K.L.:
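This is the structure, below, for whatever I ask next.
Start at 1 and go down the list; that is how both ligands and their atoms are numbered. Note that the structure is a prediction, hence the values are computed from the model and not measured.
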Amino acid sequence: MITHWCCGGLVRVTSTMLSLLRHASASRCYGGRRSIATVISGKQTSRLVRERLKKDVDQMKRSKVVPGLLVLQVGNREDSNLYISSKMKAAAEVGIDASHVRLPNTVTQDEVLRAIAAVNEDASVHGLIVQLPLDCVARVDVELLTDAVSPLKDVDGLSCINAGKLSRGDLSNCFIPCTPNGCMELIRQTGVPVAGKHAVVIGRSKIVGAPMHDLLLWNHATVTTCHSRTPDIAEQVGRADIVVVGAGQAEMVRGDWLKEGCVLVDCGINHVADASKPGGKRVVGDVHFASAYQRAGFITPVPGGVGPMTVAMLMQNTVLSAQRFLANAGRAL
Ligand code: NAP
Ligand code: LUD
C-alpha cells in the first residue's frame with residue numbers, strides 16, 4: 001500500500017492516484033531533481049496481509065486445523081513486551097491460536113532448551129519463536145537456542161537449516177526471516193522490479209542484514225552489503241537503486257548520500273531524546289527522513305513502515321507452516 005506524505009500526515013492513495021502522484025512529483029522537479037518521495041505504508045500493507053491471511057485461516061479451519069504460534073520470551077524487556085503484544089494482537093485478528101510464554105530472567109540455558117524441546121513435540125503448535133534479545137542472568141548461547149527450534153516450526157527463519165536454504169536460493173523450501181520478508185513486500189508495493197537492480201544493504205545481522213542480502217540476491221539484484229568496517233558507505237549507497245538499512249544507528253543515512261529516485265527501506269528502531277514527547281523520547285529510523293524524503297523515489301517511514309510488516313510476516317509464516325503440516329498429514333494418510 002502506497003501513501004503520500006503530505007502536510008505532516010499519511011494520505012491513502014489508490015493505484016490510479018499513484019500514477020497521477022508520480023506525474024505530480026515529476027512535474028515538481030527542479031533542475032532535474034525530484035522534490036519528494038512516495039511513502040510506502042507498512043501499516044496499511046500489513047493490514048492487507050492480515051486480511052488475506054484471515055481468509056486462509058478460515059479456509060483451514062474447515063479442515064479442522066487452527067494454526068498455532070508460541071512466542072517464548074526470557075525476562076521482561078520493555079521493547080520485547082511491546083513487540084510481542086503486537087504479535088498477539090495480529091494473531092487474534094487473523095485467527096491464529098497464539099500463546100506467549102515468559103520464562104523468568106533466572107532461567108538456565110538447559111531450562112530454555114527443555115522448553116523449546118517440549119514445544120517442538122507439541123502438534124498443536126506450528127510456529128515457535130524465541131524473542132530476542134534474551135534478558136537473563138545466566139550466560140546463554142543464543143545460537144544454540146535458535147538452532148534447537150525445529151526447522152519445520154522455525155517461523156523466524158533463524159535456524160541454520162532455514163538460513164542455509166535461503167543463502168543457497170532455496171526460497172520456496174524454507175522460512176524467510178520476517179523483517180527482510182516484510183521489506184521485500186514493501187519493495188514489491190513500489191512496482192519497481194528488483195531483478196537487474198543494484199541493491200545496497202547496510203548491516204549483516206542474522207535477523208536483518210544477512211537474510212536481506214540473500215533475498216535480494218535470489219530475487220536477482222546485484223547486492224553490496226555494508227557493515228561497521230565498510231569505509232565508504234555513502235559512496236556505496238550513492239550507487240544503489242534499492243537501499244535497505246538495518247544498522248541500529250539513528251538517522252545515519254542522509255538524503256545527500258542517495259541516488260535520485262531510489263527505493264529506501266528503513267528497518268531501524270532507535271529511541272532518541274525528545275522533551276516535547278510524553279515519555280521524553282521518540283522513535284526514529286536509521287534514515288534521516290526529512291532529507292531522504294527530498295531525494296528518494298520511495299521511502300518507508302518509522303514508525304509505521306517495516307515494524308508492522310515484521311509482525312504480519314510472522315503471521316504469514318505461521319499460516320504457511322500450518323499449511324505445510326496439513327499437506328504432509330494428507331500425504332501420510
Ligand atoms: P545488530 O545485530 O546490532 O546489527 C547491526 C548491523 O549494522 C551490524 O552488521 C553492524 O556491523 C552494522 N552497523 C552498525 N553500525 C554501523 C555503522 N555505523 N555503519 C555501518 N554498519 C553498521 O542489529 P539488528 O538486529 O540487525 O537491527 C538493526 C536495526 O534494525 C536496529 O535499529 C533494530 O532495532 C532494527 N530492527 C527492526 C526490526 C523491525 O521489524 N523494524 C526488526 C529487527 C531489527 P558489524 O556486523 O560490523 O558489527
Ligand atoms: N526477535 C524480532 N527481536 C526484535 N514496530 C521484532 C519488531 C515489531 N526472534 C525475534 O519482532 O522478529 C523478531 N524475532 N523482532 N521486532 C524487532 C525484532 C526479535 C520491531 C518493531 C515492531 C517487531 C513494530 O511493530 C512499530 C513500528 O515500527 O511502527 C512500533 C515501533 C515503536 O517502538 O513504536
K.L.:
Got a salt bridge between R77 and D79, using NZ or NE/NH1/NH2 to carboxylate O under 4.0 Å?
P.N.:
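D79 and R77: salt-bridged.
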
K.L.:
Evaluating non-hydrogen atoms only, which member of L134, V142, V283 is closest to atom 34 (O) of ligand 2?
P.N.:
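Among L134, V142, V283, the closest heavy atom to atom 34 (O) of ligand 2 belongs to V283.
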
K.L.:
Could you tell me whether D256 and R295 have a side-chain N and a carboxylate O separated by less than 4.0 Å?
P.N.:
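Between R295 and D256 there is no salt bridge, as every charged N stays at least 4.0 Å from the carboxylate O atoms.
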
K.L.:
Would you name the heavy atoms of V243 and A240 that are closest together and state the gap between them?
P.N.:
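Of all heavy-atom pairs spanning V243 and A240, the closest is CG2-CB, 3.7 Å.
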
K.L.:
For A292 and I299, work out which heavy atoms get closest and say how close.
P.N.:
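Smallest heavy-atom distance, with atoms named: CB-CD1, 3.7 Å.
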
K.L.:
Considering I207, N270, I129 one by one, which has a heavy atom nearer to atom 18 (C) of ligand 2 than any of the others?
P.N.:
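Nearest heavy atom to atom 18 (C) of ligand 2 lies in I207.
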
K.L.:
Any heavy atom of T179 closer to ligand 2 than 4.0 angstrom?
P.N.:
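Under 4.0 Å: no for T179.
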
K.L.:
For atom 29 (O) of ligand 2, what's the nearest protein heavy-atom neighbour? Residue, atom name and distance, please.
P.N.:
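That would be G304 N, 2.7 Å.
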
K.L.:
To check your reading of the model: name the closest protein heavy atom to atom 15 (N) of ligand 2, its residue, and the distance in Å.
P.N.:
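Ranking protein heavy atoms by distance from atom 15 (N) of ligand 2, first comes Q131 NE2, 3.9 Å.
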
K.L.:
How about N76 and N81: does a side-chain donor come under 3.5 Å of a side-chain acceptor?
P.N.:
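A donor-acceptor contact under 3.5 Å links the two side chains.
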
K.L.:
Around atom 9 (N) of ligand 2, find the nearest protein heavy atom and jot down its residue, atom name and distance.
P.N.:
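In this structure, atom 9 (N) of ligand 2 has D156 OD2, 2.6 Å as its nearest protein heavy atom.
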
K.L.:
Name the closest protein heavy atom to atom 13 (C) of ligand 2, giving the residue it belongs to and the distance to 0.1 Å.
P.N.:
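Answer, as residue, atom name and distance: K87 NZ, 3.6 Å.
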
K.L.:
Short list, please: which atoms of ligand 2 are under 4.0 Å from a heavy atom of L82?
P.N.:
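Result: 33 (O).
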
K.L.:
If you count heavy atoms of other groups shown closer than 6.0 angstrom to CG of L132, is the number above 12?
P.N.:
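Above 12, so yes.
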
K.L.:
For atom 31 (C) of ligand 2, which protein heavy atom lies nearest, and how many Å away is it?
P.N.:
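It is I269 CD1, 4.1 Å.
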
K.L.:
Check for a donor-acceptor pair, side chain of H198 on one end and backbone N or O of R239 on the other, with a separation under 3.5 Å.
P.N.:
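Indeed, once roles are kept as given, a pair shorter than 3.5 Å links the two residues.
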
K.L.:
Given 3.5 Å as the limit, does a donor-acceptor pair link the side chain of K153 with the main chain of V149, or not?
P.N.:
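Checking the backbone N and O of V149 against the side chain of K153, no donor-acceptor pair under 3.5 Å is found.
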
K.L.:
Which residue holds the protein heavy atom closest to atom 21 (C) of ligand 2, what is that atom called, and what is the gap in Å?
P.N.:
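Its nearest protein heavy-atom neighbour is Y83 CE2, 3.4 Å.
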
K.L.:
Answer with side chain, backbone, both or neither: which part of P303 has a heavy atom less than 4.0 angstrom from an atom of ligand 2?
P.N.:
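P303 to ligand 2: contacts from backbone and side chain alike.
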
K.L.:
Can L158 be reached from V119 by stepping across I, L, V, M, F, W or Y side chains whose heavy atoms are under 4.5 Å apart?
P.N.:
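Result: yes, single cluster for both.
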
K.L.:
Would L113 and L145 count as a side chain to side chain contact (heavy atoms under 4.5 Å, CB included) if you check the C-alpha gap in whole Å, the side-chain angles of each, and the deciding distance to 0.1 Å?
P.N.:
CA-CA 6 Å; L113 284 170; L145 299 191; 3.7 Å; yes

K.L.:
Short list, please: which atoms of ligand 2 are under 4.0 Å from a heavy atom of P308?
P.N.:
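With P308 as reference, the close atoms of ligand 2 come out as 25 (O), 27 (C), 28 (O), 29 (O).
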
K.L.:
Report yes or no: does a heavy atom of D79 sit under 4.0 Å from some atom of ligand 2?
P.N.:
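Outside the 4.0 Å threshold, so no.
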
K.L.:
Only one of R50, K87, K54 forms a salt bridge (charged side-chain N to carboxylate O under 4.0 Å, His left out) with E93, so which one is it?
P.N.:
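Passing option: R50.
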
K.L.:
May I ask you to list the atoms of ligand 2 that are less than 4.0 angstrom from any heavy atom of V130?
P.N.:
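Reading through ligand 2 atom by atom, the close ones are 9 (N), 10 (C).
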
K.L.:
Quick check on V311 - does any of its heavy atoms sit under 4.0 Å from an atom of ligand 2?
P.N.:
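Yes, V311 has heavy atoms under 4.0 Å from ligand 2.
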
K.L.:
Output the set of protein residues with a heavy-atom contact under 4.0 Å to ligand 1, ordered first by chain identifier and then by residue number.
P.N.:
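Contacting ligand 1 under 4.0 Å are T179, I202, G203, R204, S205, I207, V208, H227, S228, I233, G246, A247, G248, Q249, M252, C267, G268, I269, N270, V306, G307, T310.
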
K.L.:
Would you check if there is a donor-acceptor pair between the side chains of Q236 and D232 at a distance under 3.5 Å?
P.N.:
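Note: D232 and Q236 side chains meet the donor-acceptor criterion.
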
K.L.:
So, D274 and R282, do they make that salt bridge, N to O below 4.0 Å?
P.N.:
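Answer for the salt bridge query: yes.
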
K.L.:
Could you tell me the residue and atom name of the protein heavy atom closest to atom 5 (N) of ligand 2, and the distance to it rounded to 0.1 Å?
P.N.:
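For this ligand atom, the closest protein heavy atom is G307 CA, 3.7 Å.
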
K.L.:
Sequence neighbours excluded and cut-off under 3.5 Å, please list the side-chain donor-acceptor pairs for residues 305-322, or say none.
P.N.:
| residue | atom | partner | partner atom | Å |
| --- | --- | --- | --- | --- |
| T310 | OG1 | T179 | OG1 | 3.0 |
| T310 | OG1 | V306 | O | 3.4 |
| Q316 | OE1 | R52 | NH2 | 2.9 |
| N317 | ND2 | V155 | O | 2.9 |
| N317 | ND2 | I176 | O | 3.0 |
| T318 | OG1 | L314 | O | 2.8 |
| S321 | OG | H126 | O | 2.6 |
| S321 | OG | L152 | O | 3.2 |

K.L.:
Which residue and non-hydrogen atom of the protein lie closest to atom 1 (N) of ligand 2, and at what distance in Å?
P.N.:
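Checked against all protein heavy atoms, atom 1 (N) of ligand 2 sits closest to L132 N, 3.0 Å.
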
